[in-house]
Amino acid sequence: MAKNQTIIVTGGAQGIGKCISLSLLECGYQVAIADIDREAGEECLQEFKNFAAALLFVETDVSQENSVRKCIETIVNRFQRIDGLINNAGIAQPDNGPVEDLSLENWHKVIQTNLTGCFLMSKYAIPYLRRSKGAIVNIASTRALQSEKNTEAYSASKGGIVALTHALAMSLGSDIRVNCISPGWIEVSEWQKSRLRTKPQLREIDHRQHPVGRVGKPEDVASMIKYLISDAAGFITGQNFVIDGGMTRKMIYEE
Ligand code: NAD
């Protein structure tokens with residue numbers, strides 16, 4: 001089904017992105033992992049060596065235009081085509097401390113990585129995605145829709161991704177479909193590079209508070225990715241899919 005199709009996964013060397021990369025390889029896709037962390041990327045090449053012919057790691061900083069331009073060139077040199085782009089790379093820590101103390105530098109860093117990174121990767125991949133009639137999937141967050149205190153930069157970056165998604169879907173239709181996934185709490189500690197890998201420390205209450213009865217797994221996101229990039233999703237574009245075990249549908253009042 002996925003013969004010779006090439007999918008880029010940004011931030012694909014750890015966490016949710018690593019699980020996406022592995023599931024796509026298992027489906028027969030060629031996968032280009034674009035991640036800033038060389039150590040994590042090289043570990044992926046080792047761990048996924050059964051798929052060596054279909055796997056490329058490109059050290060990339062998605063927030064830097066030159067790095068993104070080189071990344072796309074390297075991927076096209078190796079695989080000659082791009083069929084899908086998963087914009088997953090991000091600074092995944094939402095807490096920025098009190099907004100009065102949030103430096104402009106830290107604000108820019110989060111927006112530049114999480115939001116501008118999606119723009120830059122899309123911009124340089126689009127010519128190839130048009131040729132293949134491909135698909136883009138951006139990873140936002142339920143924090144695009146609801147907030148805890150002290151999360152302004154992260155929440156704004158993720159809200160921006162939801163809007164960027166529908167804007168791109170209009171500009172790129174009918175060549176490229178563009179959708180977005182907003183995950184809730186996804187436990188990624190077992191998907192980190194080996195030096196940082198830990199066993200999940202989840203309490204019963206962490207699971208129980210979710211309407212589905214458990215915290216999310218990277219596989220929950222990966223299965224939606226596989227659907228959204230496939231022809232089965234050919235009538236879907238510009239949408240945001242919330243994958244959060246029902247948490248954003250839960251009404252919360254004090255007892
Ligand atoms: P993670 O920290 O485990 O993995 C992120 C990966 O992105 C890392 O490999 C890191 O090296 C890479 N990365 C960071 N900055 C980069 C850059 N400038 N260029 C290229 N690569 C870069 O995080 P995660 O929990 O797997 O999150 C993945 C995505 O999902 C993020 O966009 C995050 O905001 C989003 N998300 C995560 C959760 C969650 O609960 N885990 C919930 C909602 C949304």
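Counting starts at 1 for both ligands and their atoms, in listed order. Sequence positions, counted from 1, serve as the residue numbers for this chain. Owing to the predicted nature of the structure, the values given are computational and were not obtained by experimental measurement.
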Which pairs would a plain distance check flag for residues 245-255, meaning a side-chain donor or acceptor within less than 3.5 Å of a matching protein atom at least two apart in sequence or in another chain?
{"residue": "T248", "atom": "OG1", "partner": "D244", "partner atom": "OD2", "Å": "2.7"}
{"residue": "K250", "atom": "NZ", "partner": "Q209", "partner atom": "O", "Å": "2.6"}

Checklist entry - Can a donor-acceptor pair be found between the side chains of E65 and Y124 at a distance below 3.5 Å? => result yes
Checklist entry - Would you call E43-K193 a salt bridge at under 4.0 Å N-O? => result no
Item to check | Side-chain H-bond candidate by donor/acceptor type, Q14 with D35, under 3.5 Å | outcome: no
Checklist entry - Looking just at side-chain N and O atoms, do S122 and N87 make a donor-acceptor pair shorter than 3.5 Å? => result yes
Checklist entry - Would you call R203 and D206 a salt bridge, taking side-chain N to carboxylate O under 4.0 Å as the test? => result yes
Show me a pair-per-line table, with atom names and distances to 0.1 Å, of protein N or O atoms that are under 3.5 Å from an N or O of ligand 1.
{"residue": "ligand 1", "atom": "3 (O)", "partner": "Q192", "partner atom": "NE2", "Å": "2.9"}
{"residue": "ligand 1", "atom": "9 (O)", "partner": "Q14", "partner atom": "NE2", "Å": "3.2"}
{"residue": "ligand 1", "atom": "9 (O)", "partner": "D35", "partner atom": "OD1", "Å": "3.3"}
{"residue": "ligand 1", "atom": "9 (O)", "partner": "D35", "partner atom": "OD2", "Å": "2.7"}
{"residue": "ligand 1", "atom": "11 (O)", "partner": "D35", "partner atom": "OD1", "Å": "2.6"}
{"residue": "ligand 1", "atom": "18 (N)", "partner": "D61", "partner atom": "OD1", "Å": "2.9"}
{"residue": "ligand 1", "atom": "19 (N)", "partner": "T60", "partner atom": "O", "Å": "3.3"}
{"residue": "ligand 1", "atom": "19 (N)", "partner": "V62", "partner atom": "N", "Å": "3.0"}
{"residue": "ligand 1", "atom": "21 (N)", "partner": "I36", "partner atom": "N", "Å": "3.2"}
{"residue": "ligand 1", "atom": "26 (O)", "partner": "I16", "partner atom": "N", "Å": "2.8"}
{"residue": "ligand 1", "atom": "32 (O)", "partner": "N88", "partner atom": "O", "Å": "2.8"}
{"residue": "ligand 1", "atom": "32 (O)", "partner": "K158", "partner atom": "NZ", "Å": "2.9"}
{"residue": "ligand 1", "atom": "34 (O)", "partner": "Y154", "partner atom": "OH", "Å": "2.6"}
{"residue": "ligand 1", "atom": "34 (O)", "partner": "K158", "partner atom": "NZ", "Å": "3.0"}
{"residue": "ligand 1", "atom": "40 (O)", "partner": "G184", "partner atom": "O", "Å": "3.3"}
{"residue": "ligand 1", "atom": "40 (O)", "partner": "I186", "partner atom": "N", "Å": "2.9"}
{"residue": "ligand 1", "atom": "40 (O)", "partner": "I186", "partner atom": "O", "Å": "3.3"}
{"residue": "ligand 1", "atom": "41 (N)", "partner": "I186", "partner atom": "O", "Å": "3.1"}

